[in-house]
Amino acid sequence: MEQPLDLVVRAERAVVDGAERPAAVGVRDGEVVAIGPVDADWSAAEDVRLAQDEVLLPGVVDTHVHVNEPGRTDWEGFETATRAALKGGTTTIVDMPLNSLPPTTTVEALDIKRAAADGECFVDVGFWGGAVPGNLEDLLPLHDEGVFGFKCFLIDSGVPEFPPLSPAELDQYLRRTALIGALMIVHAEDVGSVTEATGSTYEGFVASRPDASEVTAIERVIDAVRRSGGRAHILHLSSAQALPAIRAAKAEGLPITVETCPHYLSFAAETIADGSTTHKCCPPIRSDANRTRLWEAIADGTIDCAVSDHSPCTTDLKTPDFGTAWGGVASVQLALSAVWTEAARRGHTLADVTRWMSERPAALVGLESKGAIAVGRHADLVAFAPEESFVVEAARLEHKNKVTAYEGITLTGVARRTWLRGVLATTERPLGRLLRRGDS
């Protein structure tokens with residue numbers, strides 16, 4: 001090595017090129033510039049050797065986080081959400097355009113959101129734009145300002161300022177995103193298949209949002225993609241009954257990608273207690289047999305990635321009635337541990353988890369500098385202890401309102417240290433940057 005490095009991290013186990021192996025990772029000016037044998041004779045300002053029980057991973061890229069600031073900052077904010085992300089081994093998030101006020105449906109609203117985030121972020125943060133009735137002409141200006149794509153709903157979003165697109169509008173907006181080269185991400189539930197939820201039983205809540213609601217909506221998205229030439233990403237897939245249509249669309253060559261979330265991979269409807277609205281999310285957590293099919297689908301690539309869908313709220317909004325409680329699971333800090341806990345139980349590897357939670361989400365949004373330990377990528381690195389277990393205590397989590405569906409559950413895997421662009425990141429000072437589409 002001709003020039004001294006800023007940092008070398010040495011690990012007997014590191015996920016590099018899709019597999020675990022011993023490696024030394026050399027960092028200069030925030031980027032990985034060399035990967036070599038674990039005992040490579042390199043000179044560096046800082047030389048770190050991981051403990052024997054630690055594995056070096058790329059930072060998680062979480063493309064589905066509701067930060068809610070500005071406007072609903074009592075629910076969550078950039079400081080608390082990104083602290084939580086950092087503690088869990090996530091180094092990049094992409095913020096959803098709704099639940100903040102104003103929603104990110106115009107350039108002016110994007111500017112307001114960026115101003116709120118500036119200097120507050122402990123990890124790197126990008127932004128989705130919103131696609132709502134009436135803002136078709138705002139898509140290109142938002143795209144030019146660097147949003148990573150556009151989110152739409154096909155059903156009531158839960159907040160009046162972010163209404164859904166009709167089937168005709170979905171076609172129209174997909175034609176526009178195809179024209180400008182943008183990605184449309186879709187909350188796919190069919191309003192005609194959903195009934196009003198009431199009462200405290202989880203069984204009743206699931207019945208109000210049946211599998212057919214997802215299947216019908218996803219088939220509508222697939223047809224719209226075929227007609228329009230646009231690209232679409234299906235958000236938070238919960239129903240395995242939609243997998244045949246998704247497999248067929250991918251086999252046809254349509255530009256469809258799909259995500260699921262830690263709560264769909266971790267929980268089963270049969271075990272959720274009545275009144276436990278910390279588990280309420282839309283679409284709902286379904287059966288254990290359904291969960292197994294989701295795991296099979298992420299393993300074979302039908303489901304592309306796993307992201308948190310961190311959607312917190314104030315504690316008073318989690319009423320014991322599934323009809324009135326806010327729907328969302330607060331999990332950005334726990335996402336990596338939750339997925340790894342269940343993945344390991346099912347025989348998957350850390351290389352698999354890295355592919356689902358780092359590599360593919362980064363590729364989804366075009367962040368070529370993120371998602372892997374590779375020369376030329378940002379040195380976003382995590383010293384992860386895959387055998388260390390802990391019991392989740394909501395009060396000890398970093399997100400603002402101390403409510404989570406994982407309360408009291410034992411998870412395995414702890415992010416002990418995290419480097420953001422080659423600098424050891426702590427919750428003492430925010431190092432995160434605001435990202436734009438195309439950033440390197």
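Position 1 is the first residue of the sequence; numbering continues from there.
- Formation of a donor-acceptor pair under 3.5 Å by the Glu407 side chain with backbone atoms of Ala394 is found in this model.
- Using a 4.5 Å cut-off on side-chain heavy atoms (C-beta onward), Val339 and Met357 make contact.
- Of the charged side-chain nitrogens involved, at least one lies within less than 4.0 Å of a carboxylate oxygen, so that Arg291 and Asp288 count as a salt-bridged pair.
- Taking 4.0 Å as the cut-off between side-chain N and carboxylate O, Arg417 and Glu54 count as a salt-bridged pair.
- For the pair Arg114 and Glu145, the salt-bridge criterion is met [side-chain N within less than 4.0 Å of a carboxylate O].
- The distance from the CG atom of Leu350 to the CZ atom of Phe384 is 6.0 Å, given to the nearest 0.5 Å.
- Salt-bridge check for Glu359 with Lys370: failed, with every basic side-chain N at 4.0 Å or more from each acidic carboxylate O.
- Here NZ of Lys151 is found 13.5 Å from OG1 of Thr105. Values are rounded to the nearest 0.5 Å.
- At a threshold of 4.0 Å, the pair Glu342-Arg346 counts as salt-bridged, since one of the basic side-chain nitrogens sits closer than that to a carboxylate oxygen.
- Judged as a salt bridge (charged side-chain N to carboxylate O under 4.0 Å, His left out), and not counting sequence neighbours, Arg231 has no contacts.
- Side chains of Thr324 and Thr319: a donor-acceptor N/O pair is present below 3.5 angstrom, by distance only.
- A salt bridge is absent between Arg421 and Asp29: the closest approach of a Lys/Arg side-chain nitrogen to an acidic carboxylate oxygen does not fall below 4.0 angstrom.
- With hydrogens and angles ignored, the 3.5 Å screen pairs a side-chain donor or acceptor of Asn135 with a backbone N or O of Val132.
- Under the 3.5 Å distance criterion, with hydrogens and angles disregarded, a donor-acceptor pair is assigned to the side chains of Thr302 and Asp300.
- The pair Lys250-Asp304 meets the salt-bridge criterion, since a charged nitrogen lies less than 4.0 angstrom from a carboxylate oxygen.
- A donor-acceptor contact under 3.5 angstrom links the side chains of Thr80 and Glu76, judged on distance only.
- Ser308 and Asp62 form a side-chain donor-acceptor contact under 3.5 Å, judged by distance and modelled atom types alone.
- Using a distance-only test at 3.5 Å, with no hydrogens or angles considered, no donor-acceptor pair links the side chain of Tyr264 to the main chain of Arg286.
- In Lys400, the NZ atom is crowded: over 12 heavy atoms of neighbouring residues, nucleotides or ligands sit closer than 6.0 Å.
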